[in-house]
Amino acid sequence: MALYATFMPPSSPKFNLYAKIRAPFYPHSVRFLNPLKIRASTTLDYSNVSANDKSSPLKTSNWQWKFKDNLINIYYEEHVKESPEPSQNILMMPTISDVSTVEEWRLVAGDIVQRNGNANWRATIVDWPGLGYSDRPKMDYNADVLEKFLVDFINSPNSPIKQPENDLIIFGGGHAASIVARAAKKGLVKPKAIAAVAPTWAGPLPIVFGRDSSMETRYGFLRGTLKAPAVGWMMYNMLVSNENAIQSQYKSHVYANPENVTPGIVESRYALTKRKGARYLPAAFLTGQLDPVTSREEFLELFAALEGRTPVLVVSTKGSPKRSKAEMEALKGAKGVSKFVEVPGALLPQEEYPALVAEELYQFLQEYFGSVA
């Protein structure tokens with residue numbers, strides 16, 4: 001999904017804002033002209049069912065996250081194969097966008113856990129607070145908040161995935177992969193391995209227009225407008241919660257193959273934009289509040305810090321937008337990256353080409369942990 005918005009900045013910070021609708025937000029698909037024309041987009045799609053088309057037994061539940069004065073219901077799913085053998089747990093974190101959802105990982109999860117091998121895999125997919133089927137309270141979302149959630153979800157005594165230390169494997173898409181790497185670099189989580197699928201780090205506006213004080217003022221104005229009671233919903237409905245916009249952006253750059261964008265995908269994502277509080281986190285994402293780092297150098301350092309500590313797989317895509325592709329390619333041969341592969345797809349390969357992504361992930365698991373039962 002993506003949006004087109006045109007900004008007419010006068011001399012004062014209070015600039016007029018009007019929008020040409022095309023769709024919602026996603027990182028590196030933004031433009032400004034004079035007047036400033038913004039195009040941003042989110043992600044998500046389904047498509048190309050796994051080659052094996054396996055559906056694993058599914059358990060769904062909610063976990064309550066206490067953050068400051070909020071008690072937030074967090075939605076998660078467990079994909080398991082009935083087996084007397086102990087299981088190895090994989091946590092799958094959805095790509096962060098305005099229509100982020102556990103649905104993007106379901107086919108990959110089902111494929112991996114149903115395979116017969118030396119290890120018995122169990123997959124847990126969780127929706128971020130403010131996204132998917134989790135609660136979406138009005139609060140100041142930023143990268144630190146999402147990192148705090150990730151750490152609490154993994155380490156809390158009542159966590160549904162509570163594991164012995166160093167016994168959890170984490171897969172993350174887009175910004176989620178970078179947030180996982182940042183938490184691991186700090187030692188806040190100690191995953192057994194990490195897979196970064198189409199990893200990104202910069203929000204739609206900052207990657208194009210920078211972060212000087214003038215632009216930060218404008219980002220703050222836009223963020224505040226989207227969060228406002230009446231005008232915020234109006235703007236969000238025009239720019240994001242729009243079926244035509246979702247379809248257009250999926251076909252243009254979220255999916256590599258426009259034919260994979262089905263009416264069912266569009267309807268599913270559109271429904272997410274109508275959930276209570278749906279606009280709060282996207283307002284932060286668009287304006288760079290969810291960026292875990294502020295430069296490519298810092299992005300590379302996240303992975304370099306894991307050298308010799310944590311095996312890391314990077315899954316790049318052949319059809320990513322130019323800016324996203326450049327950041328993924330920067331990780332090829334980079335310090336801390338144990339293995340780098342490329343698959344078809346764009347911003348959501350785990351949904352568009354789940355069989356191919358599942359195969360690469362499974363091979364990575366086999367290479368490092370195949371002998372572990």
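Source: prediction; values computed, not measured.
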So, the side chain of [X] versus the backbone of [Y]: is there a donor-acceptor pair under 3.5 Å, distance only?
X      : Y      : answer
Ser134 : Pro129 : no
Thr225 : Phe221 : yes
Asn155 : Leu188 : yes
Arg275 : Ala271 : no

Go through the steps for Asp140 and Val145 under the test side-chain contact (heavy atoms from CB on, under 4.5 Å), then give the verdict. CA-CA 8 Å; Asp140 293 327; Val145 170; over 6 Å; no
So, are Arg106 and Glu77 salt-bridged, with charged N and O less than 4.0 Å apart?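 Salt bridge: yes.
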Would a single hydrophobic cluster contain both [Y] and [X], if residues Ile, Leu, Val, Met, Phe, Trp and Tyr are joined by side-chain heavy-atom contacts under 4.5 Å?
X      : Y      : value
Phe149 : Ile194 : yes
Ile161 : Ile74  : yes
Tyr270 : Val99  : yes
Met234 : Leu222 : no

[X]-[Y] side chain donor-acceptor pair, cut-off 3.5 Å:
X      : Y      : answer
Ser213 : Glu216 : no
Asn260 : Lys251 : no
Gln366 : Tyr368 : no

Show me the donor-acceptor pairs within less than 3.5 Å that the side chains of residues 282-292 make with the rest of the protein, sequence neighbours left out.
from, atom 1, to, atom 2, distance (Å)
Thr287, OG1, Arg223, NH1, 2.7
Thr287, OG1, Ala283, O, 2.8
Thr287, OG1, Ala284, O, 3.4
Asp291, OD1, His175, NE2, 2.9
Asp291, OD1, Gly203, N, 2.7
Asp291, OD2, Gly203, N, 3.0
Asp291, OD2, Arg211, NH2, 2.4

Under the side-chain hydrogen bond (donor to acceptor under 3.5 Å, both in side chains) rule, collect the residues that match up with Glu298, sequence neighbours excluded. Thr294
Those residues that, when tested against Glu359, pass salt bridge (charged side-chain N to carboxylate O under 4.0 Å, His left out) (two or more places apart): Arg115
Side-chain touch [X]/[Y], heavy atoms, less than 4.5 angstrom:
X      : Y      : answer
Leu347 : Thr95  : no
Asn237 : Asn242 : no
Leu150 : Met93  : yes
Arg296 : Leu300 : yes
Leu168 : Ile170 : yes
Arg218 : Ser214 : yes
Tyr236 : Val231 : no
Ile125 : Glu103 : no

Quick one: which of Trp128, Trp63, Tyr133 gives a ring-ring contact (aromatic ring centres under 6.0 Å, His included) with Tyr75? Tyr133
Could you go through residues 337-345 and list every donor-acceptor pair under 3.5 Å that involves a side-chain atom there, pairing it with any protein atom two or more places apart or in another chain?
from, atom 1, to, atom 2, distance (Å)
Ser338, OG, Val312, N, 3.0
Lys339, NZ, Glu367, OE2, 2.6
Glu342, OE2, Lys325, NZ, 2.4

Can you establish whether the number of heavy atoms outside [X] located under 6.0 Å from its atom [atom1] is more than 12?
X      : atom1 : answer
Lys332 : NZ    : no
Asn158 : CG    : yes
Glu259 : CD    : no

Tyr76: what forms a ring-ring contact (aromatic ring centres under 6.0 Å, His included) with it, not counting sequence neighbours? none
Residues two or more places apart in sequence or in another chain: which of them pass ring-ring contact (aromatic ring centres under 6.0 Å, His included) with Tyr141?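 Not a single residue meets the ring-ring contact (aromatic ring centres under 6.0 Å, His included) criterion with Tyr141.
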Check against side-chain contact (heavy atoms from CB on, under 4.5 Å), Ile90 and Trp121: CA-CA 7 Å; Ile90 304 169; Trp121 299 106; 3.9 Å; yes
Could you give me the CA-CA distance, side-chain angles and deciding distance for Asn62 and Asp135, then say whether side-chain contact (heavy atoms from CB on, under 4.5 Å) is met? CA-CA 10 Å; Asn62 286 277; Asp135 286 352; over 6 Å; no
